[in-house]
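One structure is given below, encoded as structure tokens.
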Amino acid sequence: MRRGLTAYGDEEFSLFLRKAFIKAMGYSDDALERPIIGITNTFSGFNACHRTVPELIEAVKRGVMLAGGLPVEFPTITLHESFAYPTSMYLRNLMAIDTEEMIRAQPVDAVVLIGGCDKTVPALLMGAASANVPALMLVTGPMITGDHKGERLGACTDCRRFWARFRAGEIDEQEINAVNAKLAPSAGTCMVMGTASTMALVTEAMGMMLPGGACIPAVMSERLRNAEATGARAVALAKERLTPEKIMTPDAFENALTVLLAIGGSTNAIVHLAAMAGRLGIEVDLDAFDRMGRETPVLVDLKPTGQHYMEDLEKAGGLVTILRELKPLLRLKALTVTGKTLGENIAAAAPGWKQSVVRPFKDPIFKGGSIAVLRGNLAPGGAIIKQAAATPALMRHEGRAVVFTSLEDLAARIDDPQLDVNAGDILVLQNAGPRGAPGMPEAGYLPIPKKLAAKGVKDMVRISDARMSGTAFGAIVLHVTPESAIGGPLALVQNGDRIRLDVPGRSLELLVTEAELEARRRLWKKPRARKDDARGYRKLFLDTVTQADRGCDFDFLAAQSTIRIPRIR
Ligand code: FES
């Protein structure tokens, strides 16, 4: 109760007032003497991924009380991918600040963070890392799959697949509307290896979630038992003062990066892990991450790169089935919220069984480097590509640039029958980075121009400073740094320029002379300011957001960098 007292200049009076008001909630002195476990309420009528939060809160409360604590829920912002204008990434830092300050402002001895949808898990962990109060993550869990004409469907890989078929004229409006009602058939998060599934798995690997918590579907009773156990463990965590900085260590982040690579996870997770690590003075070195990727095989056969869904991974044993295979690559001494090390947690798990979702280390789906880091005169600060989800024939490709200067320009011209574009061209999108859009939208998956889609073109090289949904696939170069809105080389690309992509060689080159680029640079003009750029949260965002390689956090929220990861294993 004494934690974070309101400032009246008299601490005893502050405590006296606090007790008077909390008693209005009906608590007894006995209840108030227990460890207080805060629970973030991230429910919203706009967030179907968090539809089950109210019942999860009840289960967490039960666990807290069974362990002798006092549970107190409090609201934070929530974010759903489809209900976050202009983008959910734009609002992630706002949610992180909200979470950090609410944890700090209220007398919680530990906190259970309930997240699930893509940005909520990183935002909650960023806030908790900075507040440094004992914390555990509980995710809402993935949706179960839907079906259409006997075919299993999952959000949102199949959203994109069916939309592409509709654009190509392969299915009609009636059928696309029927599919629309089947893509998200239950509460919970997208059930392919998108950002939500990736963040759940890397959070468990990092040790910030109880073992087994990442994959349990949202609608299963086991999910509620997991919530109850999380509440009970939070009470012990409070007593042990096991704070995030003791768990979110360089070792833990390296385990998270290893798992990210092995699951063929979402490219967005790199941005989020960089931001979370940055809160603790840990810097993610993209080139070292690329080297790590070369020796980390992709083991998990889930959509969008494979065939299964999260409920199948749960039936295959969940994360521990992956961790067992990855043991030689993991930092097994990393401490977790159980109070035990990752290695001890793996040893304590039930033995594995025959399954087909997680491959053996020696027989991977993809040998290494599911995510590759590219450098070159087009991306001096780096760019990434999820090569495990791309057309192999396009991984070495030279083509003519077809440039779109903004999202609006893209929307206006991509389907224009007069658009001068061929299947071998490279589509370039400018001004869709952290400051450009703003908020780095998931626009990197540029649609195939309608006239090419109608001819059966399924993939093209596409380059932007935007992000891509983890549920998408294709030869898509993302996170080009520095972004075009601040004058990065991407801003200098013109229609007809030649671009060379060489993923095995890790390079991305604009084949234009340096003298010509210098001339273009002198003529380059900053994009015009938009309405509201000079006020409120948007001004704070535009003034302080970092580039993708630093996690798009606000520069004043990251801690001084003291260590670079991943280190040599
Ligand atoms: Fe929430 Fe996909 S929209 S996880």
Side-chain angles (χ1 to χ4, degrees), residues 49 81 116-118 121 139-147 151-162 183-186 188-205 209 212-218 220 256-270 272 293 296-326 352-361 363-371 386-390 442 445 468-474 476:
C49 303
E81 290 301 292
C117 195
D118 295 14
V121 170
V139 288
T140 52
M143 287 183 250
I144 52 170
T145 48
D147 72 286
E151 185 189 0
R152 278 177 103 188
L153 289 188
C156 237
T157 301
D158 296 314
C159 316
R160 291 170 209 289
R161 189 165 59 82
F162 274 91
L183 288 162
S186 77
T189 52
C190 293
M191 61 295 231
V192 298
M193 191 54 79
T195 306
S197 304
T198 304
M199 290 311 301
L201 287 160
V202 302
T203 300
E204 186 182 331
M209 184 192 293
C215 300
I216 309 162
M220 288 179 71
L257 290 170
T258 301
V259 166
L260 165 62
L261 289 160
I263 61 179
S266 162
T267 47
N268 287 323
I270 303 176
H272 297 319
T296 308
V298 180
L299 302 178
V300 180
D301 188 10
L302 245 67
K303 287 199 171 193
T305 50
Q307 49 174 325
H308 296 289
Y309 295 89
M310 283 295 274
E311 65 194 73
D312 306 318
L313 180 55
E314 168 66 5
K315 286 175 191 156
L319 178 70
V320 75
T321 308
I322 306 167
L323 295 179
R324 260 193 222 104
E325 296 298 326
L326 290 176
W353 52 89
K354 196 167 169 344
Q355 47 78 35
S356 59
V357 183
V358 181
R359 295 273 193 90
F361 190 89
D363 179 27
I365 289 173
F366 192 82
K367 274 239 163 65
S370 69
I371 298 172
K386 189 169 172 183
Q387 56 171 333
E442 291 185 337
Y445 179 80
M468 171 176 89
S469 165
T471 63
F473 48 88
I476 297 171

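Computed from a predicted model, the values in this text were never measured in an experiment.
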Nearest heavy atoms of [X] and [Y], plus distance in Å:
X	Y	answer
Pro217	Ile144	CB-CG2, 4.2 Å
Thr140	Cys49	OG1-O, 3.0 Å
Leu261	Thr296	CB-CG2, 3.8 Å
Thr189	Ala196	CB-CB, 3.7 Å
Tyr445	Phe473	CE1-O, 3.1 Å
Gly141	Ala218	O-CB, 3.5 Å

* Structure fact -> Given the options Glu314, Met209, Arg324, Glu204, Leu319 meets side chain to side chain contact (heavy atoms under 4.5 Å, CB included) only with Glu204

* If you measure from OG1 on Thr258 to CD1 on Ile263, what distance do you get to the nearest 0.5 Å? -> 11.0 Å

* Structure fact -> Rounded to the nearest 0.5 angstrom, the CG-CE distance for Asp312 and Met191 is 11.0 Å

* Are any side-chain N or O atoms of Ser197 and backbone N or O atoms of Cys190, one a donor and one an acceptor, separated by less than 3.5 Å? -> yes

* Asked: Counting distance only, does the side-chain N/O of Thr198 pair as donor-acceptor with the main-chain N or O of Ser266 below 3.5 Å?
  -> yes

* Pi-cation contact, Tyr309 with Arg152 (under 6.0 Å, within 45°) -> no

* Do the non-hydrogen side-chain atoms of Glu81 and Cys117 ever get within less than 4.5 Å of each other? -> yes

* Test item: side-chain donor near acceptor, Glu442 and Asn268, under 3.5 Å -> yes

* Test Thr195 against Val121 for side chain to side chain contact (heavy atoms under 4.5 Å, CB included), laying out the working first. => CA-CA 10 Å; Thr195 306; Val121 170; over 6 Å; no

